[in-house]
> 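Got a structure here, written out as structure tokens. Questions coming.
Residue numbers start from 1 in every chain, and the chains themselves are labelled A, B, ... in the order their sequence lines are given, proteins ahead of strands.
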Protein chains: 2
Amino acid sequence: MSEPKSRRRGAELERAILDAAWAELREVGYARFTVEAVAARAGTSKPVLYRRWKNRAELAVAAWQQRMPAFGDVPDTGALRSDLLTLFTRIGLRTGSMMSEMVAGVMAEAFRHPEVADLLRSRLTQPMPLTEAVREIVERAVARGELAPLHLPPRALRAPLDLVRNEYITCQALDGAVLEELVDDIYLPLLRGLRLD
Amino acid sequence: MSEPKSRRRGAELERAILDAAWAELREVGYARFTVEAVAARAGTSKPVLYRRWKNRAELAVAAWQQRMPAFGDVPDTGALRSDLLTLFTRIGLRTGSMMSEMVAGVMAEAFRHPEVADLLRSRLTQPMPLTEAVREIVERAVARGELAPLHLPPRALRAPLDLVRNEYITCQALDGAVLEELVDDIYLPLLRGLRLD
DNA sequence: CCCCTAAGATACTTTGCGTTTCTTAACCCT
DNA sequence: AGGGTTAAGAAACGCAAAGTATCTTAGGGG
């Protein structure tokens, strides 16, 4: 809190600010996320932040990007359904209710600051590790004979993330029952319905 | 513009306000949608609006609800794919780029005013006419023999709307190619993969 | 050791939400 | 018809928070 007089600089200061921003996002959410509070928490002041990020949305995205938990290993439980449930659950944890609130809030601001929209979109639509995880899970299911061989278009690879995010954005919550619905009523049927080309 | 001195009341005034709000939403979008501008445009003043709606989000949702174009008849082109394309296109028109901007903006505010979240959620997840349209299209396809008989869970009925909305929210745009992808790569395979129970 | 960059503090401008107060027009009711 | 009640309209305010400008000063590099 009352750090002594040592004046931090450069990367050290930047990390402290992002830590503070992340903590604020977790505690109060994006709607109540203020630049002033972040500055105070980091023991610095607003101009220091505005020298590094153009506006509060970019600050939030930067903090998010740095602190977002990793996906971890590709689930391998021996069965397609449980692999998918594990994956969907992890996506849910990673997305988190705070996260979708942030997506909504940042998107809303993106219409005033168009460059923010591009930044966010790139984070939303290109999580390579995730799409590769989906591909691997499906390939193993095909190898086991659980699924007929199939062609997976990019949109189907992205679908798990889209489904979970949509649920968060519209309902601000996500429990186990909903995850099962997404897997059983949407994604598994989708995979069964895809064929080779 | 410079209406005479006649002082409108009740329903007449309310309609004029919602007209003004709708016009503002179309012209400047939700991000720049201000209560003051709506009041000015309607030739009245802020307190009149705040007597009717708790905050700007509810005003926007009210205007949206009243002016949202109808879905029209259930498409019946004689083939499943073209029925779905027609339906998806109409959903896209109805949603509109402005609309998803509003969804994002309103959702962002919903975290300060929880009652707004409920209001919006009810508009997003229960468009009965749409789900019934999906059901009818699918039933006709089954009758024609295009699809095997299947059980359609609620989430699958909602999926077309969810898919289109997700695309708008993440990409702020939606063209014909994307609509075809949603139909060919996601929704048609999903329908083919669903079975009885 | 000095100097120049960037940190930190303070205070300001602006914008827009939501409120308060007051006046006055229009409807309603007997 | 007239008087009273209700709600419209106008103006101004408080407040929060974004973003900016000004100035002082620490501390690292030459």
> Inspect the surroundings of CD in B/Glu36 and state if more than 12 heavy atoms from other residues, nucleotides or ligands are less than 6.0 Å away.
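No, the 6.0 Å shell around CD holds no more than 12 heavy atoms from other groups.
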> Would you list the protein and nucleotides 5-7 of chain C atom pairs, both N or O, that sit under 3.5 Å from each other?
unit_1	atom_1	unit_2	atom_2	d
C/dT5	O2	A/Arg9	NH2	3.4
C/dA7	OP1	A/Arg52	NH2	2.3
C/dA7	N7	A/Arg51	NH1	3.2
C/dA7	N3	A/Arg7	NH1	3.2

> Heavy atoms within less than 4.0 Å of DNA chain D: which residues of residues 14-21 of chain A have one? Give them sorted by number.
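Under 4.0 Å from DNA chain D: no residue of residues 14-21 of chain A.
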> Identify all pairs in which a protein N or O lies below 3.5 Å from an N or O of nucleotides 14-18 of chain D, and state each distance.
unit_1	atom_1	unit_2	atom_2	d
D/dA18	OP2	A/Val35	N	3.4

> Kindly indicate whether a cation-pi arrangement holds for A/Arg56 with A/Tyr30, taking the cut-offs as under 6.0 Å to the six-membered ring centre and within 45° of the axis.
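So A/Arg56 does make the cation-pi contact.
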> Does A/Arg15 CZ have over 12 foreign heavy atoms under 6.0 Å away?
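For A/Arg15, atom CZ is not crowded (no more than 12 foreign heavy atoms under 6.0 Å).
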> Using a strict 4.0 Å threshold on nitrogen-to-oxygen distance, state whether A/Glu139 and A/Arg135 make a salt bridge.
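Looking at A/Glu139 and A/Arg135, the cut-off is not met.
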> Do B/Asp19 and B/Arg41 pass the salt bridge (Lys or Arg N to Asp or Glu O under 4.0 Å) test, and can you show the C-alpha distance, the side-chain angles, and the key distance before you say yes or no?
CA-CA 9 Å; B/Asp19 287 351; B/Arg41 183 170 204 140; over 6 Å; no
> Please name all residues satisfying side chain to side chain donor-acceptor pair (under 3.5 Å) with A/Arg155, sequence neighbours left out, ordered by chain then number.
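For A/Arg155, the residues satisfying side chain to side chain donor-acceptor pair (under 3.5 Å) (neighbours in sequence not counted) are B/Glu167, B/Glu181.
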> Can you pull the ring-ring contact (aromatic ring centres under 6.0 Å, His included) pairs that have at least one residue in residues 169-194 of chain A, sequence neighbours excluded?
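Of all non-adjacent pairs touching residues 169-194 of chain A, those that pass ring-ring contact (aromatic ring centres under 6.0 Å, His included) are A/Phe88-A/Tyr187.
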> Any side-chain to backbone donor/acceptor pair from A/Arg52 onto A/Pro47? Under 3.5 Å, distance only.
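Looks like no, no N/O pair under 3.5 Å.
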> Considering only residues two or more places apart or on different chains, which pairs with a residue in residues 170-179 of chain A satisfy salt bridge (Lys or Arg N to Asp or Glu O under 4.0 Å)?
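Every candidate salt bridge (Lys or Arg N to Asp or Glu O under 4.0 Å) pair involving residues 170-179 of chain A fails, so no pair, neighbours aside, qualifies.
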> Looking at A/Arg8 and A/Glu12, is any side-chain nitrogen of the basic one under 4.0 Å from a carboxylate oxygen of the acidic one?
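No, no charged N to carboxylate O under 4.0 Å.
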